[in-house]
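Notes follow once the structure below has been shown.
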Amino acid sequence: MIIFEKVSKVYPNGVVGLQDIHLTIEDGEFVSIIGLSGAGKSTLLRAINRLVPITDGDIQINGTSITKANKKELRMIRRQLGLISQSFNLVKRSTVQKNVLSGRLGYYPTWKSILGLFTPEDYQHTKEALETVGLSDKLQTRSDELSGGQQQRVSIARALVQQAPIILADEPVASLDPITTQKVMEDLKKINQTMAKTVIVNLHSVPLARKFSTRVIALKAGQVVFDGTPEALTDEQ
Ligand code: ADP
Ligand code: ADP
């Protein structure tokens with residue numbers, strides 16, 4: 001469960017990113033965050049893993065406060081949060097397998113990450129995650145030989161092997177064509193339904209939010225202007 005209590009973010013230059021946000025997100029929800037560019041979607045998503053430090057209020061992830069967390073606690077919190085971004089962030093010259101394996105480092109305590117040695121179990125998780133996103137045949141392919149949509153699905157597989165219960169996807173389909181967009185959204189939906197993961201996704205598109213999520217949160221100028229089911233969302237939002 002994720003709880004936002006009176007959360008605000010004012011950037012150092014005085015720009016308000018978020019203003020007085022109260023939210024509770026339960027385990028297993030599929031939440032779309034919508035709003036125009038600059039509405040605060042990215043700020044909200046990145047506040048959850050403290051990539052953006054908030055300036056007021058608190059966020060709790062399964063009972064742990066992210067504002068009060070020390071280094072070790074923050075690491076434990078981040079292990080529970082798989083991050084997918086618009087730009088995929090793959091190592092381009094590296095194989096699909098190596099890119100996905102690197103997600104395992106987010107699963108282990110730090111000493112293991114430093115060693116970077118992978119076990120047969122790590123390879124098994126990698127194989128299974130690539131099956132989930134339909135890319136089993138690309139194991140040894142170089143990442144930069146894949147299409148944008150395939151690269152995004154590799155980045156989803158990388159988040160999966162971390163075995164985080166919560167997936168944060170920051171505009172994962174912003175750079176993809178309509179057909180690939182559907183595929184990536186379907187992968188996120190599958191992960192939500194079959195693996196019982198909480199998915200929180202930033203989107204520009206209202207139709208996508210309607211089609212895939214169980215809850216839509218609309219932001220405007222850093223404030224929540226709608227929070228409800230896709231069915232309750234009217235065209236003004
Ligand atoms: P969205 O993801 O909805 O496009 P953002 O969360 O990126 O919106 O931005 C919300 C507001 O905060 C915008 O006005 C944006 O310009 C501002 N903002 C975002 N990041 C920074 C930053 N690092 N420094 C200053 N202002 C920022
Ligand atoms: P997006 O549309 O994906 O949110 P942006 O182009 O708004 O991306 O932002 C790109 C980067 O610039 C982000 O890291 C964001 O935090 C930062 N940024 C956005 N707005 C501002 C701003 N007004 N001042 C400083 N940094 C900003």
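Order of listing sets the numbers, starting from 1, for every ligand and every atom in it. Everything quoted here is computed from the prediction, not taken from an experiment. Heads up: numbering here begins at 1 and tracks the sequence.
- Around atom 6 (O) of ligand 1, the closest heavy atom drawn from N202, V52, L219, T43 belongs to T43.
- In the model, D170 has no side-chain atom that pairs as donor or acceptor with a side-chain atom of S85 under 3.5 Å.
- When hydrophobic side chains of Ile, Leu, Val, Met, Phe, Trp and Tyr are connected at separations under 4.5 Å, M1 ends up clustered with I3.
- When non-hydrogen atoms are compared, ligand 1 lies under 4.0 Å from the backbone of L36 (N, CA, C, O) but not from its side chain.
- When each atom of ligand 1 is checked for a heavy atom of V15 under 4.0 Å away, the hits are 12 (O), 14 (O), 17 (C), 26 (N).
- Where the criterion is an N or O separation shorter than 3.5 Å, residue side chain and backbone included, V16 fails it with respect to ligand 1.
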Tell me, with the steps shown, if R104 and Q163 meet side chain to side chain donor-acceptor pair (under 3.5 Å). CA-CA 8 Å; R104 282 302 277 175; Q163 295 184 292; 3.1 Å; yes
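- Looking at L188 and I156, their side chains come closer than 4.5 Å, going by heavy atoms from C-beta outward.
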Atom pairs and distances, side-chain donor-acceptor, residues 14-22, under 3.5 Å, sequence neighbours left out:
residue, atom, partner, partner atom, Å
D20, OD1, H22, NE2, 3.3

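- Of all the listed residues (S42, G38, G35), G38 holds the heavy atom that lies closest to atom 10 (C) of ligand 1.
- Contact check on D144 versus R93 returns no salt bridge, with no Lys/Arg side-chain nitrogen under 4.0 Å from an Asp/Glu carboxylate oxygen.
- Residue contact check: K41 has heavy atoms under 4.0 Å from atoms 1 (P), 2 (O), 3 (O), 4 (O), 6 (O), 8 (O) of ligand 1.
- Residue contacts with ligand 1 include S37, since one of its heavy atoms falls under 4.0 Å from the ligand.
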